[in-house]
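Heads up: the structure comes next, in structure tokens.
Start at 1 and go down the list; that is how both ligands and their atoms are numbered. Hydrogens, waters and symmetry mates are skipped; everything else that's a heavy atom, side chains included, is used.
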Amino acid sequence: MTTRREFLGQMAGLSVAASVSAATTSKAQTHIPSASRTRGMVQTVLGPIDASKLGFTLTHEHIADGPYFFKRWPKDWGGKAEFVARSVERLKVVRDAGVNTIVDLTPYDVGRDIRFLEEVSRKSSLNMIACTGQRFLPPNSDVSMPARTIEGLAGFFIKEVEQGIDGTGIKAGVIKIGIVGDHPAPMEEIGLRAAAQASRATGVPIRVHTDAAHRAGESDAAILEDEGVSPARVSFDHSDDSGDVDYFLGLVKRGYSLSMDHVHRGLLPDVKPSFERRAECIKLLVDAGFADKIFLSQDTGFGASLLPEEKKDWRDKLDPPDGLLFTTLKLIPHLKRLGVREQEIHTITVDNPRRFFSRI
Ligand SMILES: [Zn+2]
């Protein structure tokens, strides 16, 4: 089957390549006057809001690449307006089930359409936080990575946080970096250092796509610490792909957060760790006193989930049957059966996002 990476890799945007190339040629603004920051606020696609308004938050999802799927199979949708309408309808169901905010971790090189994200947020009344950053999809990307510098990428990230994305005034509220292997490749290290510098300059936090099964968070942390980033501003995502509690404890004791957003994948018979083990690890972390270092989400590809039946085989292997509601409908009830208390669920799903996504 075509993997998601191969699939999305084909769409690395030529149009945005130019803007990134331009950014790499100018010296980064690495110091933003603190007075210009909106401390304690969270930047959503509809503007800054007080962090206390975030509510129940899914911290790692993919909504903004939806139009890619519309463009690839346009005949099946009946038109762009119908695609948007169907997306909004689906998101309203998610909102009505108690989700208040979705963090979209789709940077430009995974097909982010910021105008679509703004439109469905406005029409569904779901808060959305957009990201800047870089997923890195080598060798599929059309953008010449070796030409990039730490300063150039940091400048690009800062621009998307401070000024806006793709010529709009819609600003990013988080930086996402993808590290594919157990150690960052040279160009990924450039991205990680650029993310660190942009985070320090703007006060927005960092989410790192990690290969947790190979303890990737540890090598990523060394680089981030070398750049002087506070671990409190960093989440290692897809951490539940590891079932190693020692790995988890090592990172949370240093102050890092862990996003458990692939838990549903453990339901597949050939995927390890199992769903049960992933949930058990969350319970063990809560019992060890680290509920304040956990996030829950699903890493779903929302646009692909709307594909016609005959086209969505490959995506169904990655997304949970309940889509954006797997955490609400399946994971949280399971955690409660394991003994995780309501207050701890609230800490994980409401308090942690409020603290983490607040600008400092
Ligand atoms: Zn993701």
Test salt bridge (Lys or Arg N to Asp or Glu O under 4.0 Å), reference Arg265, set Asp241, Asp270, Asp299, output is Asp299

Less than 3.5 Å apart, any donor N or O on the side chain of His62 or Asp65 sitting next to an acceptor on the other?
no

Check each of Phe116, Phe302, Tyr68 against Phe83 using the ring-ring contact (aromatic ring centres under 6.0 Å, His included) test, and report the only one that passes.
Phe116

Which atom name would you report as the N, O or S atom of His62 nearest the Zn ion (ligand 1)?
NE2

Please determine whether His209 has a backbone or side-chain N, O or S atom lying under 2.8 Å from the Zn ion (ligand 1).
no

Ring centroid separation Phe290 to Phe248 under 6.0 Å
no

Look at His238 and state whether any of its N, O or S atoms is less than 2.8 Å from the Zn ion (ligand 1).
no

Heteroatom N/O/S of Asp299 within less than 2.8 Å of the Zn ion (ligand 1):
yes

